[in-house]
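Scope of the values below: all heavy atoms of this structure, side chains included, with no hydrogens, waters or symmetry mates.
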Amino acid sequence: MSTERTNSWQEVQAELRRRITQRDWMPGEFIPFEADLAGEFGCARSTMNRALRSLAEEGLLERKRKAGTRVALNPVRQVRLEISILRKEIEGKGAAFQYMILKRTITAPPADVMARLQTSPRDDHLHIETLYMANQSPYVFEDRWINLSAVPQARAETFDMLSPNEWLVHHVAFDGGSFTFSALSANARIAEVLACEKGQALFALDRMTHREKQGVTSVRLVFQHGYQLHSAI
């Protein structure tokens with residue numbers, strides 16, 4: 001690997017993961033110190049720290065203060081989930097992509113959303129409902145709340161050029177979050193938007209992202225009947 005071209009923590013992470021999975025570093029083996037690795041890769045220590053921390057969160061590394069970092073003896077196999085850009089997902093299936101903003105207001109969210117974002121009614125929240133379409137047919141209904149204290153630039157954004165999904169992926173950094181998967185019965189609103197039967201069983205994904213412990217956005221995606229989620233380990 002040419003480390004001269006390594007300038008992001010994701011690239012560093014990918015090479016470190018390769019060394020672990022290809023057994024360049026064996027299970028239980030202590031790896032070089034963070035400062036030495038940063039020197040090898042020609043990157044900042046903060047970049048290396050982010051990469052190592054991410055691999056530790058995946059269960060591939062064990063980090064102990066003053067004791068060093070070693071490859072986990074029994075690595076935890078985890079499903080890797082990414083925040084997909086819906087446009088690319090739809091176009092990747094050979095369909096034409098469109099989206100429509102159905103609702104855009106600044107208002108207080110329900111209590112469960114505030115709990116996830118760790119905000120209060122005093123904080124401004126942007127509420128956006130968006131319908132994403134494939135070949136002009138409903139694909140997924142997005143019900144999103146954005147914490148304007150964390151993303152003040154969203155207040156004036158019209159989302160005419162980029163959908164809320166794609167705009168946030170491109171413009172707002174985050175360092176963690178959570179996914180929840182569930183099945184739900186379409187209520188009257190969802191049935192109308194997705195053009196399905198009321199009571200139809202649908203796949204739903206709830207996602208929350210945060211940055212430096214501050215909630216960024218909470219979103220529910222409700223997919224058209226028959227949707228399948230694929231991931232990798």
Side-chain angles (χ1 to χ4, degrees), residues 79 81-87 89-90 98-134 137-160 162-229 231:
V79 174
L81 296 173
E82 298 180 351
I83 296 179
S84 65
I85 294 178
L86 292 167
R87 174 182 59 80
E89 180 177 321
I90 291 169
Q98 291 176 291
Y99 72 95
M100 181 187 306
I101 303 294
L102 306 176
K103 182 178 181 180
R104 186 187 188 282
T105 58
I106 295 177
T107 186
D112 61 325
V113 172
M114 286 189 289
R116 286 196 294 273
L117 293 174
Q118 296 186 335
T119 54
S120 74
R122 297 188 301 275
D123 299 310
D124 284 343
H125 298 78
L126 177 61
H127 184 211
I128 311 172
E129 292 183 351
T130 309
L131 174 63
Y132 296 85
M133 293 166 284
S137 295
Y139 184 83
V140 59
F141 172 55
E142 178 184 87
D143 186 355
R144 182 183 295 276
W145 293 87
I146 299 175
N147 176 12
L148 290 176
S149 295
V151 193
Q153 63 270 38
R155 184 185 294 271
E157 178 59 44
T158 62
F159 304 105
D160 289 336
L162 289 175
S163 69
N165 162 251
E166 192 163 359
W167 186 87
L168 281 162
V169 169
H170 283 301
H171 290 87
V172 183
F174 65 94
D175 55 25
S178 63
F179 289 81
T180 302
F181 307 101
S182 61
L184 56 76
S185 297
N187 59 25
R189 169 68 169 156
I190 292 174
E192 177 186 7
V193 172
L194 291 180
C196 66
E197 295 292 330
K198 184 178 178 181
Q200 175 74 63
L202 302 174
F203 174 76
L205 185 157
D206 289 278
R207 183 176 66 237
M208 188 279 292
T209 56
H210 58 74
R211 178 178 57 199
E212 297 178 353
K213 299 182 179 180
Q214 183 180 37
V216 172
T217 183
S218 176
V219 60
R220 165 167 283 188
L221 300 171
V222 183
F223 292 84
Q224 183 59 274
H225 179 65
Y227 178 82
Q228 292 182 326
L229 175 68
S231 189

- Polar side-chain atom of N165 near backbone of S84 as donor-acceptor pair, under 3.5 Å: yes
- Message: Taking the side chain as everything from C-beta on, heavy atoms only, tell me whether L131 gets closer than 4.5 Å to P138.
- Response: yes
- Measure the shortest side-chain to side-chain distance between I85 and H170 over non-hydrogen atoms and say whether it is less than 4.5 angstrom. yes
- Message: So does G177 get a backbone contact from the side chain of R207, meaning a donor-acceptor N/O pair under 3.5 Å?
- Response: no
- Task: Could you list the residues that satisfy side-chain contact (heavy atoms from CB on, under 4.5 Å) with A191, not counting sequence neighbours?
- Result: A186, C196, K198
- Between L168 and R144, what is the shortest heavy-atom contact and its length? CD1-NH1, 3.2 Å
- Message: In the structure I gave you, are the side-chain heavy atoms of H127 and W145 within less than 4.5 Å of one another anywhere?
- Response: yes
- Task: Give me the one residue out of D175, V219, T217, N147 that meets side-chain contact (heavy atoms from CB on, under 4.5 Å) with T209.
- Result: T217
- Task: Check whether any side-chain heavy atom of E192 sits under 4.5 Å from a side-chain heavy atom of F141, and report yes or no.
- Result: no
- Mind checking side-chain contact (heavy atoms from CB on, under 4.5 Å) for F203 and listing every partner two or more places apart, or none if nothing turns up? F181, L205, F223, Y227, L229
- Task: With rounding to the nearest 0.5 Å, note down the distance linking OG in S137 to CG in L194.
- Result: 11.0 Å
- Message: Is a donor from one side chain sitting under 3.5 angstrom from an acceptor on the other, for E89 and Y132?
- Response: no
With a 3.5 Å cut-off and sequence neighbours excluded, list the donor-acceptor pairs that the side chains of residues 99-106 form with protein atoms.
residue: Y99; atom: OH; partner: F159; partner atom: O; Å: 2.5
residue: Y99; atom: OH; partner: D160; partner atom: O; Å: 3.2
residue: Y99; atom: OH; partner: L162; partner atom: O; Å: 3.4
residue: R104; atom: NE; partner: E157; partner atom: O; Å: 3.2
residue: R104; atom: NH2; partner: A154; partner atom: O; Å: 3.1
residue: R104; atom: NH2; partner: R155; partner atom: O; Å: 2.8
residue: R104; atom: NH2; partner: E157; partner atom: O; Å: 2.8

- Heavy-atom pair of closest approach, residues L202 and H225: CD2-N, 3.5 Å
- Note on the structure: Distance col, row L184:CG vs R220:CZ, nearest 0.5 angstrom, shows 5.5 Å
